[in-house]
Amino acid sequence: MQFINISHPEQNVTFPRAVITGLGKGQGLFFPEHIAPLDNIPALLELDFVDRSKIILQHLVGDAMPTRVLQKCVEEAFNFPVKLAPVSGHVFALELFHGPSLAFKDFGARFMAQCLASFRSDQRTTILTATSGDTGAAVALAFYNQPGIDVVVLYPKGKVTPLQEKLFCTLGGNIKTIAIEDDFDACQQLVKQSFDDQQLVASIGLNSANSINVARLLAQVCYYFEAVASLPRGTEPVFSVPSGNFGNVTAGLLARALGLPMKRMVAATNRNDTVPRFFESGKWEPRPTVATLTNAMDISLPNNFPRVLELEQRHGLPLQDLLTSFSINDDETKEAVRALDAESYLADPHSALAWKALTDSLEENETGVFLCTAHPAKFRETIEETLERPVTLPEALEKVSGKEVLSIEMPADFELLRDYLLKE
Ligand SMILES: *Cc1c(COP(=O)(O)O)cnc(C)c1O
């Protein structure tokens with residue numbers, strides 16, 4: 001399988017090259033050139049998560065990675081469970097937060113880290129990534145103490161929760177964290193500017209671990225198969241995905257293009273609603289990003305959206321029938337946390353927002369699956385305020401809660417960042 005830069009299709013590379021390069025020429029995103037459906041999906045659905053994921057990823061990556069190497073990457077990356085929990089009637093929660101950073105980003109970040117480690121030459125590698133909260137922790141924990149790899153994480157100062165910050169800013173060692181005095185879009189812009197600087201890229205071996213890296217996207221395809229495998233045979237669920245950069249939605253659509261039985265998808269956003277308004281009006285009109293309770297989705301320039309369109313334009317996916325998008329506000333999100341709690345299900349605000357968008361649109365004969373992208377304790381403040389009772393911390397959070405944050409602070413100024421990267 002080859003991967004093309006969707007802005008410059010003449011740039012056509014293997015999977016390892018796409019992963020190492022991160023972002024293509026002219027800030028273009030890599031994406032599979034052709035997507036062949038998987039053979040024998042009924043048999044695949046009978047396998048366990050790791051064995052099935054090996055087959056799916058080998059199919060996507062092709063022979064650019066030896067089978068044994070790829071299999072080892074999958075085993076090391078996916079060393080924690082995916083759970084499908086019944087919530088009510090025909091509604092299920094796909095719990096993706098049982099990994100080390102307690103968010104679904106562990107799947108993509110850990111698979112990418114394993115791939116990069118397996119491709120590594122002796123050259124120094126610097127992973128530069130922007131995070132609105134959860135990517136930072138997943139990437140930092142996936143690369144922590146990996147020899148020859150430095151990680152620099154940019155995040156919007158004061159716009160991630162204290163516990164999110166503790167998870168990735170207290171590690172030290174090869175993990176550097178910078179609190180940028182601006183919003184997430186500004187952090188993402190700094191990453192893009194860094195990639196445009198060829199001299200910088202070459203001198204520090206720059207690589208990105210954002211959802212723009214195609215390795216992360218491919219890894220996320222696997223848990224959509226797990227959801228369907230966990231449902232009664234023949235079920236074609238509706239998936240609802242809490243969406244910010246639209247990487248998770250892209251992975252779901254990719255699973256559909258590979259032949260996974262599903263009825264349709266709902267992309268649920270918060271008030272940063274560039275995509276729902278685009279579906280409504282046909283116009284791409286991003287507005288300034290606003291802060292919400294679901295901070296991992298406070299994004300008005302979703303950087304994976306070109307891949308969603310590519311799935312329609314190049315790969316013929318009928319987006320019109322397959323994908324709808326709704327915006328849910330903070331009050332509705334809190335109401336959803338309460339409504340789920342009344343069903344004895346404790347959901348973080350992002351997951352609850354997806355549940356709300358799902359149940360608003362689910363028809364009686366449909367089965368719905370909403371993606372639970374973070375552990376509720378990661379958003380303890382909001383949950384405690386909404387439910388008016390304390391939330392107990394899981395061990396991974398308890399351990400870091402007393403540690404010192406090691407971040408430096410910086411204005412959103414590319415020259416300053418450049419100097420820092422070259423000096424480190
Ligand atoms: C990153 C994140 C999202 C958004 O996922 P995208 O792939 O960027 O759309 C949703 N929920 C949580 C908890 C996240 O960390």
Side-chain angles (χ1 to χ4, degrees), residues 29 93-109 112 129-141 153 155-156 159-161 163-165 167-168 184-185 187-188 208-221 223-224 239-255 265-270 272-276 289 292-308 323 325 327-328 333 336-337 347-357 370-380 382-383:
L29 303 169
L94 184 64
E95 296 182 347
L96 303 173
F97 52 71
H98 298 292
S101 80
L102 307 172
F104 83 103
K105 294 197 169 77
D106 282 325
F107 290 93
M112 181 194 163
T129 190
T131 183
S132 56
D134 286 334
T135 300
V139 169
L141 288 162
V153 187
Y155 65 102
K159 295 192 176 86
V160 305
T161 74
L163 279 172
Q164 278 182 315
E165 194 177 33
L167 261 178
F168 70 98
F184 172 68
D185 288 316
C187 297
Q188 197 153 262
S208 164
N210 274 11
S211 54
I212 50 181
N213 195 298
V214 78
R216 292 187 45 183
L217 206 61
L218 300 194
Q220 290 175 237
V221 168
Y223 49 67
Y224 285 94
F239 284 103
S240 178
V241 185
S243 297
N245 259 327
F246 280 69
N248 212 352
V249 165
T250 308
L253 292 169
L254 193 49
M265 295 186 76
V266 178
T269 74
N270 58 29
N272 297 289
D273 57 353
T274 309
V275 172
T289 307
T292 73
L293 290 179
T294 46
N295 67 34
M297 295 154 51
D298 288 349
I299 295 166
S300 52
L301 298 168
N303 64 13
N304 270 296
F305 203 68
R307 284 175 166 144
V308 172
L323 183 63
S325 189
S327 160
I328 305 288
T333 302
V337 169
D348 100 284
H350 303 77
S351 314
L353 180 152
W355 173 84
K356 166 75 177 155
F370 65 103
L371 273 57
C372 292
T373 46
H375 190 291
K378 270 190 116 168
F379 297 89
R380 175 166 72 166
T382 305
I383 302 286

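Start at 1 and go down the list; that is how both ligands and their atoms are numbered.
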Quiz prompt | Proximal atoms of ligand 1 relative to Asn245 (non-hydrogen, under 4.0 Å) | solution = 6 (P), 8 (O), 9 (O)

Practice problem: Report the member of Ser351, Gly252, Gly244, Ala268 with the shortest heavy-atom distance to atom 4 (C) of ligand 1. | Solution: Gly244

Self-check item: Backbone of Phe246 reached by a side-chain donor or acceptor of Ser243 within 3.5 Å
Solution: no

Quiz item: Relative to the heavy atoms of Gly247, which atoms of ligand 1 are at a distance of less than 4.0 Å?
Solution: 6 (P), 7 (O), 9 (O)

Self-check item: Sub-4.0 Å atoms of ligand 1 with respect to non-hydrogen atoms of Ala374
Solution: 13 (C)

Quiz item: For ligand 1, which atoms sit closer than 4.0 Å to a heavy atom of Lys105?
Solution: 1 (C), 2 (C), 3 (C), 14 (C), 15 (O)

Self-check item: Asp348: side-chain hydrogen bond (donor to acceptor under 3.5 Å, both in side chains) partners, not counting sequence neighbours
Solution: His350, Ser351

Self-check item: Proximity flag Ala103 to ligand 1, non-hydrogen atoms under 4.0 Å
Solution: no

Quiz item: Are any of the heavy atoms in Phe104 under 4.0 Å away from ligand 1?
Solution: yes

Exercise. Find the distance between OG1 (Thr292) and CD1 (Ile328) and round it off to the nearest 0.5 Å.
Key: 12.0 Å

Practice problem: Please name the pair of heavy atoms, one in Ala140 and one in Phe168, separated by the smallest distance, quoted to 0.1 Å. | Solution: CB-CB, 3.9 Å

Quiz item: When you look for heavy atoms under 4.0 Å from ligand 1, do you find them on the side chain of Met297, its backbone, both, or neither?
Solution: side chain

Self-check item: Sole residue of Asp298, Thr289, Asn245, Asn295 in side-chain contact (heavy atoms from CB on, under 4.5 Å) with Phe184
Solution: Asn245

Exercise. Before signing off on this row, confirm whether Thr373 and ligand 1 have an N or O atom pair separated by under 3.5 Å.
Key: yes

Practice problem: Could you list the residues that satisfy side-chain hydrogen bond (donor to acceptor under 3.5 Å, both in side chains) with Lys378, not counting sequence neighbours? | Solution: Asp134

Practice problem: Start with the C-alpha gap between Leu293 and Phe379, add the side-chain angles, then the distance that decides, and say whether side chain to side chain contact (heavy atoms under 4.5 Å, CB included) holds. | Solution: CA-CA 9 Å; Leu293 290 179; Phe379 297 89; over 6 Å; no

Exercise. Step by step, work out the side chain to side chain contact (heavy atoms under 4.5 Å, CB included) result for Leu254 and Leu218.
Key: CA-CA 8 Å; Leu254 193 49; Leu218 300 194; 3.8 Å; yes

Quiz item: Near Ala296, which atoms of ligand 1 are under 4.0 Å from a heavy atom of that residue?
Solution: 2 (C), 12 (C), 14 (C), 15 (O)

Quiz prompt | Numbered atoms of ligand 1 (with element) below 4.0 Å of Asp134, judged on heavy atoms | solution = 12 (C), 13 (C), 14 (C), 15 (O)

Quiz item: At a 4.0 Å threshold, what atoms of ligand 1 neighbour a non-hydrogen atom of Asn248?
Solution: 7 (O)

